[in-house]
Amino acid sequence: MKNLDFNSAASEFCTACINGIGLTPYDEQITAAKALFNGKIIEMKTGEGKTISAVFAAFLHFLSGRKVHILTYNDYLVKRDYNWMKPIYDLLGMKIAYVVEASSKDERKAAYKADVVYNTAKESGFDFLRDFVADKQEDVLHEKFDAAIVDEADSILIDEARIPLVIAGSIPTSVDAELERAHGFVKTLTDKDYGISEELDNAYLRDSGIEKAEAYFKVDLYCEESQSLLSDINDCLNAHFALNEDVDYIVKDNQILIIDEFTGRAALNRRFPGALQGAVELKHGIKTEQRGVVMGTVPLQYFIRQYEHLSGMTGTVYPSDEEFELLYGLKSEKIPPHLPSQRTDHPMEIYFDNKTKLAAVKREIIRAHEKGQPVLVGAESIEESENLARELREAGIEAVALNAKNNEAEAEIIKNAGAVKAVTISTSMAGRGVDILLGGHKQESREAAVEAGGLYVISTSMRESSRINRQLRGRAGRQGDVGESKAFTALDDDVMLKYELRKLIPKSRYPSFTEEKITDRVVVKEAERIQRISEGDRLDERKRLLKFSMISEKHRDAIFKARKKYVTGESAPTFWQDGFPDSYETAVKLHGEETVNNLQRELILSVINEAWSDYLIYTSELREGIHLTSVGGKSPTDEFNIASQRYYDSMEEQVLAEMARGFDELLNGRIDNLFASKPESVYTYLQNESADELVKKPIMLQFVDGTAHIDDDDDDEIIAPEKPAKKGFFGRFFS
């Protein structure tokens with residue numbers, strides 16, 4: 001730490017903590033802050049004080065002349081941490097602010113001038129996209145990306161890293177007639193006409209479904225002219241048969257709200273990709289009068305890389321430490337707990353089916369409740385949480401369900417989740433960013449809760465990521481408290497079905513497994529191994545997506561930087577002067593040099609937006625069919641990169657043609673025709689993302705058992721574009 005007296009800074013910080021909030025930082029919190037300042041991912045268990053460590057790390061950055069963004073998990077935690085830590089910052093002479101989804105443009109602009117900004121990674125990323133479509137310097141929100149401290153880093157930087165943030169313009173539109181026709185056709189299908197791939201979780205037409213579709217629409221479904229129709233049919237198939245209400249999404253206030261698979265929350269600003277959103281809306285009789293034109297997009301992983309100094313903290317770094325280093329170049333450090341854990345983690349119990357498993361879960365809850373022990377249950381879905389809570393209430397136990405349908409009451413429910421005899425049935429919402437105190441919010445019954453065994457955390461299923469189960473388990477045993485945890489799973493849980501664990505059990509033995517938990521060593525060993533396999537598959541998926549999106553992100557980075565220079569005045573466009581010098585002098589005489597140059601700047605900003613929107617549409621459609629290239633033995637990744645680069649190169653001609661057209665309108669006095677119609681409004685959302693296009697088999701190969709596969713290597717190498725960007729306009733400004 002050059003030019004920084006760490007001991008003096010630590011002393012000043014500790015004094016501010018004591019005087020500001022009445023807490024004395026532990027040595028472990030100071031150690032954690034130093035690791036954060038040095039750009040590491042730290043692991044600190046629940047209740048060990050990550051929030052305070054982040055404040056000291058921010059203070060160290062402040063002393064080094066940097067502005068800091070503390071990116072946390074949701075708006076509730078943004079406001080909580082801002083209000084809780086503000087007295088410390090005030091005593092340290094630091095200006096702090098926060099940004100939440102409801103913040104106005106003026107509030108955001110003022111907030112980013114502060115020394116420390118509390119925000120979510122998503123909102124900070126959305127503001128980055130808003131800056132891309134800004135027309136004037138005064139509309140730019142972000143000032144600079146000095147340092148970021150990411151809370152719940154494993155979730156934000158790994159689990160959600162692939163999720164693209166999207167900014168779109170809203171344009172009036174009529175209902176998509178072709179999508180409605182596809183919707184009407186799909187409603188005529190029986191379960192013999194379609195199948196669902198367990199591997200990709202996608203629906204597809206079987207032979208009989210293909211025959212029905214070709215008769216219904218009177219087309220060859222797999223000719224080039226029918227690709228748009230086939231895409232609509234696939235979206236409607238997935239909407240009806242692959243996506244489930246109260247599992248994948250909920251319908252609330254006549255809107256489709258996607259359920260975040262990692263948090264269990266309703267993602268208010270997330271949409272399914274392409275026409276799938278419209279297909280789900282049609283499924284529920286919802287019709288929209290607006291069409292969104294995508295103007296900009298950036299995955300969280302690439303946005304986070306805007307920060308020069310990056311660090312993060314979570315309760316579950318391991319076994320993701322290698323991935324942090326692979327994706328971000330960040331080392332990990334484990335911070336020991338201030339007090340040793342007294343939590344008892346019981347072995348996982350495995351049952352034959354979901355019905356038997358949930359009966360065992362219910363018995364375990366009743367047993368714990370009878371001795372006064374508070375219980376927190378992590379359910380797999382909204383439906384499961386509500387059914388289990390209802391059954392417990394029928395058994396005389398006052399259980400509270402916490403899920404995406406009542407997440408507004410989360411803070412109040414969590415306040416009392418540690419009270420004696422409290423039973424809280426939650427989706428994975430309660431797994432992160434909350435602190436459950438034994439004895440309730442005011443800890444009136446703390447001694448009785450301790451005597452009963454402390455908080456008992458029960459998980460009702462094995463998730464694809466062990467971190468979700470570990471985060472939930474971490475709600476118990478905070479700061480040396482007593483507590484317990486146990487995980488239950490069944491052979492028909494999603495992850496078990498995906499890896500076909502039931503095949504290990506002969507059908508002749510099925511009856512013996514339906515009454516009690518499975519103790520067969522082979523089954524137990526394989527069940528434990530499946531989660532590791534699943535995590536490896538998720539890592540492979542993220543690698544595929546990185547390879548698939550890297551070329552587009554290179555292009556995005558160049559376009560965004562070039563446009564921002566025009567917005568801020570760092571660069572001035574000279575297309576008209578360079579291309580039409582004589583006519584330019586004429587235009588200056590007619591309208592004045594300042595007016596002409598201002599119009600040229602406004603037009604290039606508009607043209608860049610339009611060209612980039614076209615690029616996004618092109619690459620999105622390219623992804624839909626790129627798997628077909630495997631029929632000819634080619635790599636979908638390579639072909640996508642080559643085609644994307646070719647289109648990017650061609651954008652130069654599009655931009656220059658539009659600038660020439662605009663100049664002609666100016667010379668002929670038609671200034672009103674200079675600009676294309678702009679969207680009525682701009683909005684942001686998240687798009688569910690996958691890299692299925694890289695592993696999806698073409699339809700003509702799906703039915704040839706074992707004869708073909710996509711030969712796409714799974715190593716860590718990132719494929720570079722085959723040819724460099726052209727020189728000239730893009731070579732000078734966008735490469």
Q: Measure the CD1-CG distance between Ile42 and Leu330 for me, rounded to the nearest 0.5 Å.
A: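 Spacing of CD1 (Ile42) from CG (Leu330) equals 12.5 Å.
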Q: Under a 3.5 Å threshold, yes or no: a donor from one side chain and an acceptor from the other, between Ser461 and Asp493?
A: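 Not at all, the side chains of Ser461 and Asp493 share no donor-acceptor pair under 3.5 Å.
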Q: Charged N to carboxylate O below 4.0 Å: is that the case for Lys498 and Asp494?
A: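 Here Lys498 does not pair with Asp494 in a salt bridge, since their nearest N and O are not under 4.0 Å apart.
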Q: Do Val99 and Tyr112 have side chains that approach each other closer than 4.5 Å (heavy atoms only, starting at C-beta)?
A: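 Result yes, sub-4.5 Å side-chain heavy-atom pair found.
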Q: Ile167 versus Thr297: any side-chain heavy-atom pair under 4.5 Å?
A: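 No, side chains not in contact.
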Q: Which heavy atom of Val68 sits nearest a heavy atom of Ala58, and at what distance?
A: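 For Val68 versus Ala58, the nearest heavy atoms are CG2-O, 4.0 Å.
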Q: Quick check for you: to the nearest 0.5 Å, what is the distance between Ser124 atom OG and Asn119 atom CG?
A: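 Output value for this atom pair is 5.0 Å.
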Q: Among residues at least two apart in sequence or on other chains, which ones pass salt bridge (charged side-chain N to carboxylate O under 4.0 Å, His left out) with Arg343?
A: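 Testing Arg343 for salt bridge (charged side-chain N to carboxylate O under 4.0 Å, His left out), a comparison that skips the adjacent residues, returns Asp345.
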Q: Could you check if a side-chain atom of Asp248 sits within less than 4.5 angstrom of a side-chain atom of Ile259, using non-hydrogen atoms only?
A: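 No. Closest side-chain heavy atoms not under 4.5 Å.
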Q: Measure from the side-chain N and O atoms of Arg529 to the backbone N and O of Val524, and report whether any donor-acceptor pair falls under 3.5 Å.
A: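 It does not hold such a pair.
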Q: Would you say the side chain of Ile70 lies within less than 4.5 Å of the side chain of Asp151, judging by non-hydrogen atoms?
A: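 No, side chains not in contact.
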Q: Can you list everything that forms a ring pair (Phe, Tyr, Trp, His ring centres under 6.0 Å) with Phe324? Sequence neighbours excluded, please.
A: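 For Phe324 there are no ring pair (Phe, Tyr, Trp, His ring centres under 6.0 Å) partners, ignoring immediate neighbours.
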Q: Run the side-chain hydrogen bond (donor to acceptor under 3.5 Å, both in side chains) test against Arg556 and tell me which residues pass, sequence neighbours left out.
A: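 With sequence neighbours excluded, Arg556 shows a side-chain hydrogen bond (donor to acceptor under 3.5 Å, both in side chains) to Glu553, given in chain and number order.
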Q: Counting only N and O atoms by type, is there a donor-acceptor contact under 3.5 Å from the side chain of Asp131 to the main-chain atoms of Leu141?
A: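 Checked: pair present.
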Q: Name all residues meeting the salt bridge (charged side-chain N to carboxylate O under 4.0 Å, His left out) criterion together with Glu333; count only those two or more places apart in sequence or in a different chain, and write none if there are none.
A: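 Partners of Glu333 by the salt bridge (charged side-chain N to carboxylate O under 4.0 Å, His left out) criterion, ordered by chain and then number, come out as Lys40.
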Q: Applying ring pair (Phe, Tyr, Trp, His ring centres under 6.0 Å), can you list everything that pairs with Tyr82, at least two apart in sequence or on another chain?
A: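 Listed in chain order: Tyr98.
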Q: Applying salt bridge (charged side-chain N to carboxylate O under 4.0 Å, His left out), can you list everything that pairs with Asp146, at least two apart in sequence or on another chain?
A: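 Result, salt bridge (charged side-chain N to carboxylate O under 4.0 Å, His left out) vs Asp146: Lys144.
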Q: Verify, without hydrogens or angle tests, whether Ser311 (side chain) and Gly39 (backbone) share a donor-acceptor contact under 3.5 angstrom.
A: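 No, the answer is negative, given that no donor and acceptor are paired below the 3.5 Å cut-off.
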Q: Do Gln645 and Asp649 have a side chain donor and acceptor closer than 3.5 Å?
A: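 Checked: Gln645/Asp649 side chains pair up, N/O donor to acceptor below 3.5 Å.
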Q: How far apart are the closest heavy atoms of Leu276 and Asn238, and which atoms are they?
A: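 So the minimum-distance heavy-atom pair works out to CD1-CB, 4.0 Å.
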Q: Can you check whether Tyr118 and His69 have ring centres sitting under 6.0 Å from each other?
A: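 No: the rings miss the under 6.0 Å criterion.
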Q: Are Ile41 and Leu157 side-chain neighbours, meaning at least one heavy-atom pair lies under 4.5 Å?
A: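 In contact.
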Q: Consider ring-ring contact (aromatic ring centres under 6.0 Å, His included). Of Phe62, Tyr26, Phe37, Phe13, which one does Phe56 pass it with?
A: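 Result for ring-ring contact (aromatic ring centres under 6.0 Å, His included) with Phe56: Phe13.
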Q: Counting the benzene-type ring for Trp, do Phe128 and Phe560 have ring centres under 6.0 Å apart?
A: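 Ring centroids of Phe128 and Phe560 are less than 6.0 Å from each other.
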Q: For Gln479, give me all partners under side-chain hydrogen bond (donor to acceptor under 3.5 Å, both in side chains), at least two apart in sequence or on another chain.
A: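 Counting only residues at least two positions away or on another chain, Gln479 forms no side-chain hydrogen bond (donor to acceptor under 3.5 Å, both in side chains).
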Q: For residues 47-61, which residue pairs pass the side chain to side chain donor-acceptor pair (under 3.5 Å) check, not counting sequence neighbours?
A: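 Every pair satisfying side chain to side chain donor-acceptor pair (under 3.5 Å) with a residue in residues 47-61: His61-Arg66.
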Q: Enter the distance from Thr314:OG1 to Ile156:CD1 here, rounded to the nearest 0.5 Å.
A: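 Answer for the OG1-CD1 pair, Thr314 versus Ile156, is 9.0 Å.
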Q: According to the salt bridge (Lys or Arg N to Asp or Glu O under 4.0 Å) rule, which pairs have a member within residues 318-331, sequence neighbours left out?
A: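 Those involving residues 318-331 are Glu323-Arg542, Glu325-Lys331.
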Q: Tell me, please, which residues at least two apart from Lys45 pass side-chain hydrogen bond (donor to acceptor under 3.5 Å, both in side chains).
A: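 With sequence neighbours excluded, Lys45 shows a side-chain hydrogen bond (donor to acceptor under 3.5 Å, both in side chains) to Glu43, given in chain and number order.
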Q: Is the charged tip of Lys34 near the ring of Phe6: under 6.0 Å from the six-membered ring centre and within 45° of its axis?
A: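 Yes, cation above the ring, under 6.0 Å and within 45°.
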Q: Return the set of residues passing salt bridge (charged side-chain N to carboxylate O under 4.0 Å, His left out) with Arg130 (not counting sequence neighbours), or none when no residue passes.
A: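 By the salt bridge (charged side-chain N to carboxylate O under 4.0 Å, His left out) rule, Arg130 matches Glu123, Asp127.
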Q: Does some side-chain heavy atom of Val55 sit less than 4.5 Å from a side-chain heavy atom of Val116?
A: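 Not touching, per the 4.5 Å side-chain cut-off.
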Q: Is there side-chain contact between Met313 and Val150, with at least one heavy-atom pair below 4.5 Å?
A: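 No - every pair of side-chain heavy atoms lies 4.5 Å or more apart.
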Q: Counting distance only, does the side-chain N/O of Ser155 pair as donor-acceptor with the main-chain N or O of Glu152 below 3.5 Å?
A: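 Not a single qualifying donor-acceptor pair exists.
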Q: How long is the gap from CG on Leu243 to CG on Asn202, to the nearest 0.5 Å?
A: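 Going from the CG atom of Leu243 to the CG atom of Asn202 covers 9.0 Å.
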Q: Rounded to the nearest 0.5 Å, what separates atom OG1 in Thr120 from atom CG in Asn74?
A: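 Answer rounded to 0.5 Å: 8.5 Å.
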Q: Give, for atom OG of Ser644 and atom CD of Glu639, the distance between the pair rounded to the nearest 0.5 Å.
A: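 Here the interatomic distance stands at 10.5 Å.
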Q: With heavy-atom distances below 4.5 Å as the criterion, would you say the side chains of Phe126 and Arg108 are in contact?
A: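 Side-chain contact under 4.5 Å: no.
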Q: Taking ring pair (Phe, Tyr, Trp, His ring centres under 6.0 Å) as the test, write out the residues that go with Tyr615, two or more places apart.
A: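 Tyr615 satisfies ring pair (Phe, Tyr, Trp, His ring centres under 6.0 Å) with His555, Trp612 only.
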